[in-house]
Amino acid sequence: MAVPPLIDSFGRLHDNLRLSVTDRCNIRCFYCMPEHDVRFVDRRQILDFEEIERFTRIAVSLGVSKLRVTGGEPLLRRDLPLLIRRLAAIPGVRDLALTTNGVLLPDLARALYDAGLRRLNVHLDTLDRERFRQISRRDDLERVLEGLAISRELGFRIKLNAVAVKNLVEPDIVPLACFARENGFEVRYIEFMPLDAQNLWDRRKVLLAGEVIETLSREIAPLVAVPDADPRAPATEYAYADGGGLVGFIASVSRPFCGNCNRLRLTADGKLRYCLFSIEEDDVKGLMRSGAPDECIAALIRSNLARKWEGHEINSAKFVAPPRPMYSIGG
Ligand code: SAM
Ligand code: SF4
């Protein structure tokens, strides 16, 4: 008998799963983590590879076909290439990608490629060493650039994730876009969202997608919206009119894309979330560790999705930021 697809009460089909494999990180971006005294989950509470693979197989049996591995910094997870190999081998997985800050790519890119990974999103806000240090509180820009060069050489398809923070990254917009164009990367500007650990977010600190589009169109080449881009992907894509490639905008604040959301999230400590901003979550790990059969986990996925709300309400006065910051959810 055919399994009913994962459709929520707003008619949205869910086929995309984000798997966070750790909440630890080797840098400390201010819009995600506190600078000091970060409280990480006890290692025993983190799902092991068997548990991650089991959950993924169940989700795939319900229609999930796209996976993204994230964190924290996923490359810190020991033996990550082994997990990648296992996920890539699950029948029904059509797309597997990884989001990373890139610092450990010089060491791991080859093993990840050999394990079957082909798509990387590398987080890079600036090419300026001092601003990189200011944002991430670490001096690792050279490592990230080296990791990008190695990954490109290996043949990865690469997108760059740049967080758009007002009165900070404006000088980086054009150099980063030029760097992306020269290297065949697609840069995606992500509006700063209220998911930082220190509650620094304020609407006035968001560099809006419209402003970035205006800058790039003026300074590099006119940008034209790509009409046939995947409407269910979070990024709205634009193409340079001179044929110089694509640029993406994840305009969560100025143009929320909740109406097309197709994503579920599993945190590193085994909690299922239907939204980045949800304030409730379901305990997959507890269920698995108590010996629940696959049908119970599948039922939990369906009941989680059934409670999914229409949208995140960032723009409403009743918005409440989730208790977990970005690094502990998995962006
Ligand atoms: N450590 C990896 C990284 O930085 O790419 C993966 C996890 S990180 C939480 C995933 C993405 O979230 C990053 O690429 C970054 O662009 C984005 N991000 C983090 N904090 C954010 C915030 N407050 N608003 C918008 N995007 C954010
Ligand atoms: Fe680490 Fe990524 Fe958060 Fe930056 S955005 S602190 S790299 S988890």
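Counting starts at 1 for both ligands and their atoms, in listed order.
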Looking at [X] and [Y], what are the two nearest heavy atoms and their distance?
{"X": "Ile297", "Y": "Met288", "result": "CD1-CG, 3.7 Å"}
{"X": "Val226", "Y": "Ala239", "result": "CG2-N, 3.7 Å"}
{"X": "Glu191", "Y": "Leu208", "result": "OE2-CA, 3.4 Å"}

Backbone or side-chain N or O of [X] under 3.5 Å from ligand 1 N or O:
{"X": "Tyr31", "value": "yes"}
{"X": "Leu195", "value": "no"}
{"X": "Tyr327", "value": "no"}
{"X": "Met193", "value": "yes"}

Could you list which atoms of ligand 2 come closer than 4.0 Å to a heavy atom of [X]?
{"X": "Gly72", "value": "8 (S)"}
{"X": "Ile27", "value": "6 (S), 7 (S)"}
{"X": "Cys25", "value": "1 (Fe), 6 (S), 7 (S), 8 (S)"}
{"X": "His123", "value": "4 (Fe), 5 (S)"}

Identified salt bridge (Lys or Arg N to Asp or Glu O under 4.0 Å) partner of Asp95 from the options Arg119, Arg118, Lys66, Arg157: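 In the set Arg119, Arg118, Lys66, Arg157, the residue that makes a salt bridge (Lys or Arg N to Asp or Glu O under 4.0 Å) with Asp95 is Arg119.
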
Under 2.8 Å: N/O/S of Cys29 next to atom 4 (Fe) of ligand 2: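 Yes.
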
Residue among Leu104, Leu108, Leu112, Leu98 satisfying side chain to side chain contact (heavy atoms under 4.5 Å, CB included) with Pro74: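 Per the side chain to side chain contact (heavy atoms under 4.5 Å, CB included) rule, the option paired with Pro74 is Leu98, out of Leu104, Leu108, Leu112, Leu98.
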
Gap between atom NE2 of His14 and atom CG of Asn262 - 0.5 Å precision: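 One gets 6.5 Å once the value is rounded to the nearest 0.5 Å.
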
Gly102 touching ligand 1 at heavy-atom level, < 4.0 angstrom: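 In this structure, Gly102 fails to qualify as a contact of ligand 1 - no heavy atom is under 4.0 Å.
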
Any Cys25 heavy atom less than 4.0 Å from ligand 1: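 No.
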
Within 6.0 Å of CZ in Arg86, more than 12 heavy atoms from elsewhere: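 Counting neighbours around CZ of Arg86, more than 12 heavy atoms of other residues, nucleotides or ligands fall under 6.0 Å, so yes.
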
Heavy atoms from other residues, nucleotides or ligands near CZ of Arg129 exceed 12 (cutoff 6.0 Å):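 Counting neighbours around CZ of Arg129, 12 or fewer heavy atoms of other residues, nucleotides or ligands fall under 6.0 Å, so no.
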
Which of the numbered atoms in ligand 1 are below 4.0 angstrom from a heavy atom of [X]?
{"X": "Asn161", "answer": "14 (O), 16 (O)"}
{"X": "Thr100", "answer": "2 (C), 3 (C), 5 (O)"}
{"X": "Glu73", "answer": "1 (N), 2 (C)"}
{"X": "Thr70", "answer": "6 (C), 7 (C)"}
{"X": "Ile190", "answer": "16 (O), 25 (C), 26 (N)"}
{"X": "Gly72", "answer": "1 (N), 2 (C), 6 (C), 7 (C)"}
{"X": "Cys32", "answer": "20 (N)"}

NZ/NE/NH1/NH2 to OD/OE distance under 4.0 Å, Arg24 and Glu73: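 Salt bridge absent between Arg24 and Glu73.
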
Ion pair Asp294/Arg54, N-O distance below 4.0 Å: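 Answer for the salt bridge query: yes.
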
Where is the nearest protein heavy atom to [atom]: which residue, which atom, and how far?
{"atom": "atom 16 (O) of ligand 1", "answer": "Val163 CG2, 3.2 Å"}
{"atom": "atom 8 (S) of ligand 1", "answer": "Gly71 O, 4.3 Å"}
{"atom": "atom 13 (C) of ligand 1", "answer": "His123 ND1, 3.8 Å"}
{"atom": "atom 12 (O) of ligand 1", "answer": "Met326 CE, 3.5 Å"}

Per atom 25 (C) of ligand 1, closest listed option by heavy atom (Arg68, Glu191, Lys205, Arg18):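 Going through Arg68, Glu191, Lys205, Arg18 one by one, Glu191 has the nearest heavy atom to atom 25 (C) of ligand 1.
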
Ring centres under 6.0 angstrom apart (Tyr274, Trp309):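 Aromatic pair counts; centres sit under 6.0 Å.
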
Asp128/Thr126 under side chain to side chain donor-acceptor pair (under 3.5 Å): CA gap, chis, key distance, verdict: CA-CA 5 Å; Asp128 179 272; Thr126 178; 4.9 Å; no

Chi angles and distances behind the side chain to side chain donor-acceptor pair (under 3.5 Å) call for Asp269, Gln45: CA-CA 5 Å; Asp269 58 342; Gln45 301 306 322; over 6 Å; no

Atom 1 (Fe) of ligand 2 to nearest N/O/S of Cys32 below 2.8 Å: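 No, Cys32 does not qualify, because none of its backbone or side-chain N, O or S atoms lies under 2.8 Å.
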
Any Gly71 heavy atom less than 4.0 Å to ligand 2: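 No.
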
Worked verdict on Asn121 versus Arg68 for side chain to side chain donor-acceptor pair (under 3.5 Å): CA-CA 10 Å; Asn121 283 51; Arg68 174 171 298 280; 3.1 Å; yes

Verdict with supporting geometry, Tyr31 and Asp125, side chain to side chain donor-acceptor pair (under 3.5 Å): CA-CA 12 Å; Tyr31 41 66; Asp125 300 324; 2.3 Å; yes

